[in-house]
2 protein chains.
Amino acid sequence: MLDLRRLEILRRFAALGTITATADELGYSPSAISQQLATLEREAGIALIERTAQRASLTDAGRELAEHAAHILAAAETAHSRMRARAGTISGRVTISCIPALAPALAPHLATLQRLHPELSVVAHETGSTAAAAAVLDRRYDLAVIDDWSEHRPVEDAGLSVHRLRREDIVLALPTDHPLAEQSGPVTAARLRETVHHQTWLCAPVGQLSRAAGDQRLAAVNASPVRRWEFAGLHVLALLVATGAGVALLPAGIAHGQAGVTGVRLAPRMQRTILALTRPTTHEDPAIAACLHVIREALSSQQSTANYSAVKPAPGSAAS
Amino acid sequence: MLDLRRLEILRRFAALGTITATADELGYSPSAISQQLATLEREAGIALIERTAQRASLTDAGRELAEHAAHILAAAETAHSRMRARAGTISGRVTISCIPALAPALAPHLATLQRLHPELSVVAHETGSTAAAAAVLDRRYDLAVIDDWSEHRPVEDAGLSVHRLRREDIVLALPTDHPLAEQSGPVTAARLRETVHHQTWLCAPVGQLSRAAGDQRLAAVNASPVRRWEFAGLHVLALLVATGAGVALLPAGIAHGQAGVTGVRLAPRMQRTILALTRPTTHEDPAIAACLHVIREALSSQQSTANYSAVKPAPGSAAS
DNA sequence: CCAGGGGCTTAAGGAAAACTGATGCTGGAC
DNA sequence: GTCCAGCATCAGTTTTCCTTAAGCCCCTGG
């Protein structure tokens, strides 16, 4: 009979490609992984791994078994979740991935949850949105909070449950004392093009979703920045705007939370969506449901500032 | 993580109802089963078993987990079969259930198969048709050869693969020297009714499929036996017919194989179907496929005598 | 050409898990 | 009241699993 633990090991190995990496990720020695995979091959009765002294790689049979393993493990996870749902206890370990920009907002609420349920252990990492979906599917995280800057509705990731948490306006972030911030009305295409020609354009590095969305908007209005600075981290960009280094497209909540920055709504409107991803198999797990609930609460408590769209806020209104 | 072995134990326990019986069937001590179930409860985080000192019974959660276990184990079995199919080796243990009447015909062929493949171990038991389906579903057998006496097509058993092996005529078995055996033409309703009134009616005990089918036929022609003897085993019935103890409805092959017995076709025709049952999840297992193939061959090599429908065979023709 | 290192396996020993047999408990049957 | 079936628990042994250590292979860099 095939063993679930070994199938899990096979899956990780299939994803990572080397025994050493698998061992690291699962917290075992490479020797243990090697032995377990060898045992699995004996159980399966067929070679699963091509063993060149250099690198171990999956055979066709191994690849197929890894796919079967996904189904088997999913069925087992469903059963386990159902049992946990019946028990109703919020306990165990929940691994969460969060985009860096939201981690500070979430951390205290998750800490509170953990304090309420001593049996619960929440492990949160910061990961970018692009890698998070695969990581959840791969069971490396139970829950991922990501953002989606695309205009259209977020695509349902194959095999993942998508929970919409909130939708945030993207604003043009300007220094508060900047003359453009004084003008009334939203930032039209012409105004954005003009701004880009006179100001340093601050944006995230290539590969970030916010960068792609910003580039797309600039291309749409036929604007190309004369000077462009790249920085990682939306909060850092907001800080740079405040110091007068330039202007940037930022989520309203972030622009607004930074003293010295004024966010001006765009026309046409631009938004990002904050999503949570879970595996459908863990839906019923009360621990994960509790985490998701807390995250939803945490994000909606910021709702008042998030969808901020006043053209000229009073300077102190962010604190309200 | 839930353990497959423990889930299997849970399933067996769910089917059998007592820890002792489960232990017997799986070849462990009751203590081991008790401990494994306790461990499973710890893993599941919820009570699965109601423990009265008297008898252990499943809780609702236990029942549900047992159902999930069926799915998980089926997925695992599918994967295992696929691996075995890839390996292509005919090996391992295959458990077969067979109705008693066919066991002699099958045994030598299965023995030959086993001789050809020393790694293969075939374990065959004799079981009635009614219990076999459940036993296959329950993974107590991998393959079951059963007969179906109902007039209509055999119903697809939920979750089982049905393989039609052959269809046999049912004949009225008479002593060869009996005056009725001399008459030409099939046994019509009137003739059957008359026969039943003058002869001792030999049939299987209540509960057997052949008994139900025979009773149904008698009811259809409005006949009720004046004297009825019940014996288990179709071959025994044939032998009794030969000794002049009475008449019986028997498969043509069995009636025909018994010296001193003449089988006369019925009108309307009456038939039984020989079927094999497997789990769909083990379809691709070459060992099981090989067994099924051998069984099919074994039964079709008797085909010439099976569908025997001559009204008055020459006495020696059965030996040809 | 040889040293170094990454990746994997094998061997040996110790830790953890699992099974057995014995013992004790409970509640119904005789 | 005694017996018995069924189950849990405990102690001890066997099996499984993991780690450390050593070795092999092949590539790379000096």
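Below, chains carry the letters A, B, ... as their sequence lines are ordered, and counting in each starts from 1.
- Between the side chains of B/E43 and B/T39, no donor-acceptor pair of N or O atoms lies under 3.5 Å.
- B/E50 places its CD atom 14 Å from the P atom of D/dC7, with the value rounded to the nearest Å.
- Salt bridge status for A/E50 with A/R55: absent, with no side-chain N to carboxylate O gap under 4.0 Å.
- In this structure, A/H163 has its ring center closer than 6.0 angstrom to the ring center of A/H283.
- No salt bridge links A/E284 with A/R86; every basic N to acidic carboxylate O contact stays at or beyond 4.0 Å.
- The nearest heavy atom of DNA chain D to B/F13 and to A/G27 marks one nucleotide each, and the one closer to the 5' end goes with B/F13.
- Residues A/I9 and A/T22 share a closest heavy-atom pair of O-CG2, 4.0 Å.
- Looking at B/D215 and B/R228, a side-chain N of the basic residue comes within less than 4.0 Å of a carboxylate O on the acidic one, giving a salt bridge.
- For the OP1/OP2 pair of D/dC26 and a distance below 4.0 Å, the side-chain nitrogens and oxygens of A/R55 include no atom meeting the criterion.
- No side-chain donor from either of A/T78 and B/H68 sits under 3.5 Å from a side-chain acceptor of the other.
- The distance between atom OH of B/Y28 and atom C1' of D/dT15, rounded to the nearest whole Å, is 11 Å.
- Residues from residues 14-26 of chain A with heavy atoms under 4.0 angstrom of DNA chain C, sorted by number: A/T18, A/I19, A/T20.
- At the phosphate of C/dC19, OP1 or OP2 sits under 4.0 Å from a side-chain N or O atom of B/R5.
- Counted by atom type alone, A/T282 and A/D142 present zero donor-acceptor pairs between their side chains at under 3.5 Å.
- For the segment residues 31-49 of chain A, residues with any heavy atom less than 4.0 angstrom from an atom of DNA chain D are, sorted by number, A/S31, A/A32, A/Q35, A/Q36.
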